[in-house]
Amino acid sequence: MTRSTSPVPVTILTGFLGAGKTTLLKRILDDPQGVRYGVLVNDFGAINIDADLVVESAADQVSLSNGCVCCSIQSDLVEAIDGLLARDPAPERILIEASGVSRPLPIADTLEAPELKGRAVLDGIFCLVDGEGFADLDFAATELAIEQVTGSDVVLLNKVDAASETQLAAVEQTLKGPLPALRLIRTRFAEIPREVLFGAHMGARTEPHHGHEHHHDHDHCTDLHCTHEHHHHDHADEFEAWSWQSAQPVDADRLRASLRALPASLMRAKGIFRAESAGERLVFHLVGKRARTTREKETPPAVSSLVAIGRRGSFDGAELTRLMDACVAAPRP
Ligand SMILES: Nc1nc2c(ncn2[C@@H]2O[C@H](COP(=O)(O)OP(=O)(O)OP(=O)(O)O)[C@@H](O)[C@H]2O)c(=O)[nH]1
């Protein structure tokens, strides 16, 4: 097998919790158009539900859970990319779905690690923004979302179907006000032509991007939200993830009741469940104030899982566990 000598292009998908990163990833992988993808999915929680959601797609996939690739598990990221590149056949492109609380530039800087030098190269950073939910983010979350935007090459203002024109215009104004050169595309379920996504060849970054000098190509990069101190803390200090699993099927009615009772302080929750009725799985998403459960005609997972993320100290994990244990179907006599 001949190995390509040119570096493998890497695309980073970033964006705040629930903005639509997995939706975009799935869209790409469901129609790979002949490209062999290597995929790296990072979930802040202990269970990588995103990995489960995209698992049926044909791609080499590595999951990085229980931490954030931009800070606490950055070295794991190098190792994971190294591992993907070493596969035979090697991927022709690598996609990294960052956790919703990651900052993209430290991830891009990872590609400069000596182990990866010349083997992988940054192609582009795409930031998903939730057009419907952006206005509901609290101040700190807005700040992080904007930081993700400033570190990206292109912003996908997503969920345009669910947002009003007034909402969308307000988000655009918030983002473009301080960043007039921002490249922003409105999307519905992250639908975007492949030519826009790939081939940007943003290339190697030659200097740290969080300093106050930005000499590189990213003309929309400003230091507005960019303080050194800000970039060096660990997201584990700010956010807390809780997770729950059950090998027993759940009772669909009780599950609905438990999910409705989840505290409003949660910023994001997602789950995949095996209900007693076989042949389908229940997928739950809570993004800010909005929650949705769908029945999917996919093989149900062997183990039902739920992950929730909120600000540290803003919810009671033991209470959540009690709530979810209550929806496990009684064992059959
Ligand atoms: N109405 C609407 N819903 C969307 C759109 N894009 C994604 N969603 C839904 O929003 C929820 C979250 O989408 P994901 O793609 O899982 O978001 P994410 O950014 O990967 O979430 P994290 O990995 O937890 O940060 C899911 O229920 C999606 O179906 C859209 O354009 N319109």
Side-chain angles (χ1 to χ4, degrees), residues 11-30 39-55 57 61 63-70 95-104 107 125-134 136-137 141 144-145 147-149 152 155-165 167-168 171 184-192 235 238-243 259 262 266-273 281-296 298 305-310:
T11 300
I12 299 171
L13 308 180
T14 182
F16 196 67
L17 296 165
K21 299 175 294 295
T22 307
T23 304
L24 176 56
L25 181 64
K26 239 176 124 18
R27 192 177 270 291
I28 298 167
L29 298 178
D30 286 347
V39 176
L40 223 147
V41 182
N42 170 220
D43 243 0
F44 183 68
I47 309 167
N48 201 320
I49 290 194
D50 285 352
D52 283 344
L53 287 171
V54 296
V55 80
S57 308
Q61 193 179 321
S63 301
L64 289 175
S65 310
N66 219 7
C68 177
V69 282
C70 86
L95 303 172
I96 300 176
E97 181 191 342
S99 88
V101 299
S102 301
R103 295 176 171 87
I107 302 173
I125 306 177
F126 288 80
C127 182
L128 279 293
V129 171
D130 182 340
E132 184 196 18
F134 186 84
D136 294 332
L137 298 181
L144 175 54
E147 210 182 316
Q148 292 169 334
V149 165
S152 301
V155 170
L156 309 191
L157 180 56
N158 195 35
K159 306 196 186 180
V160 295
D161 59 305
S164 66
E165 181 52 40
Q167 278 176 309
L168 295 172
V171 182
L184 188 144
I185 301 167
R186 291 186 179 195
T187 55
R188 182 181 173 281
F189 285 95
E191 191 170 0
I192 181 171
H235 290 133
E238 275 176 74
F239 298 97
E240 187 176 5
W242 161 93
S243 54
L259 294 176
L262 289 174
L266 294 180
M267 301 178 100
R268 176 80 166 111
K270 53 191 161 184
I272 307 187
F273 303 94
R281 65 185 189 183
L282 297 174
V283 175
F284 171 73
H285 281 284
L286 177 146
V287 180
K289 293 178 181 162
R290 288 157 194 87
R292 193 159 66 111
T293 307
T294 45
R295 286 179 181 276
E296 296 184 355
E298 305 273 353
S305 312
L306 180 70
V307 170
I309 298 171

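Just follow the structure's listing: the first ligand is 1, and inside any ligand the first atom is 1. As a basis for the values below, the full set of heavy atoms in this structure was taken, side chains included, without hydrogen atoms, waters or symmetry mates.
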Checklist line | Gly18 to ligand 1, any heavy atom closer than 4.0 Å | finding: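 Yes.
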Check: Can Leu17 be said to touch ligand 1, with heavy atoms closer than 4.0 Å?
Finding: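 Checking ligand 1 against Leu17, which is what was asked, there is a heavy-atom contact under 4.0 Å.
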Notebook entry, point to check: Can you name the side-chain hydrogen bond (donor to acceptor under 3.5 Å, both in side chains) partners of Thr23, sequence neighbours left out?
Noted result: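 With sequence neighbours excluded, Thr23 shows a side-chain hydrogen bond (donor to acceptor under 3.5 Å, both in side chains) to no residue whatsoever.
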Check: Sequence neighbours excluded, which residues qualify as side-chain hydrogen bond (donor to acceptor under 3.5 Å, both in side chains) partners of Arg186?
Finding: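 Glu165, Glu172.
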Check: Nearest non-hydrogen atom to atom 20 (O) of ligand 1 belongs to which of Thr22, Val287, Val160, Thr294?
Finding: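 Among Thr22, Val287, Val160, Thr294, the closest heavy atom to atom 20 (O) of ligand 1 comes from Thr22.
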Check: Out of Arg268, Arg188, Arg186, Glu97, whose heavy atom is nearest to atom 16 (O) of ligand 1?
Finding: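 Nearest option to atom 16 (O) of ligand 1, by heavy atoms: Arg268.
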Next item on the list: Return yes or no for this condition: an N or O of Gly20 is under 3.5 Å from an N or O of ligand 1.
Entry: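 Gly20 vs ligand 1: N/O contact under 3.5 Å present.
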Under 4.0 Å from any heavy atom of [X], which atoms of ligand 1 are there?
{"X": "Thr23", "result": "7 (C), 13 (O), 14 (P), 15 (O), 28 (C)"}
{"X": "Arg292", "result": "27 (O), 29 (O)"}
{"X": "Gly100", "result": "25 (O)"}

Using a heavy-atom cut-off of under 4.0 Å, does the side chain or the backbone of [X] touch ligand 1, or both, or neither?
{"X": "Asp161", "result": "side chain"}
{"X": "Glu132", "result": "neither"}
{"X": "His285", "result": "side chain"}

Next item on the list: Over all heavy atoms of both residues, which pair between Glu132 and Gln167 is shortest? Give the atoms and the distance, please.
Entry: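 Result for this residue pair: O-NE2, 3.5 Å.
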Next item on the list: Please name the pair of heavy atoms, one in Ile12 and one in Pro104, separated by the smallest distance, quoted to 0.1 Å.
Entry: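 Scanning both residues completely, I find the closest heavy atoms to be CD1-O, 4.4 Å.
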Note to self: Do Val283 and Glu298 make a side-chain contact, defined as non-hydrogen atoms from C-beta onward lying under 4.5 Å apart?
What the structure shows: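 They are not in side-chain contact.
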Check: With a 4.5 Å limit on heavy-atom distance, are the side chains of Asp161 and Phe189 in contact?
Finding: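 A side-chain contact under 4.5 Å exists here.
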Next item on the list: Supply the atom-to-atom distance Leu13 CG to Leu128 CG, rounded to the nearest 0.5 angstrom.
Entry: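 Atom-to-atom, Leu13:CG and Leu128:CG are 7.0 Å apart.
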Checklist line | side chain to side chain donor-acceptor pair (under 3.5 Å), paired with Glu97, selected from Asn42, Thr14, Thr11, Thr22 | finding: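 When side chain to side chain donor-acceptor pair (under 3.5 Å) is applied between Glu97 and each of Asn42, Thr14, Thr11, Thr22, only Thr22 qualifies.
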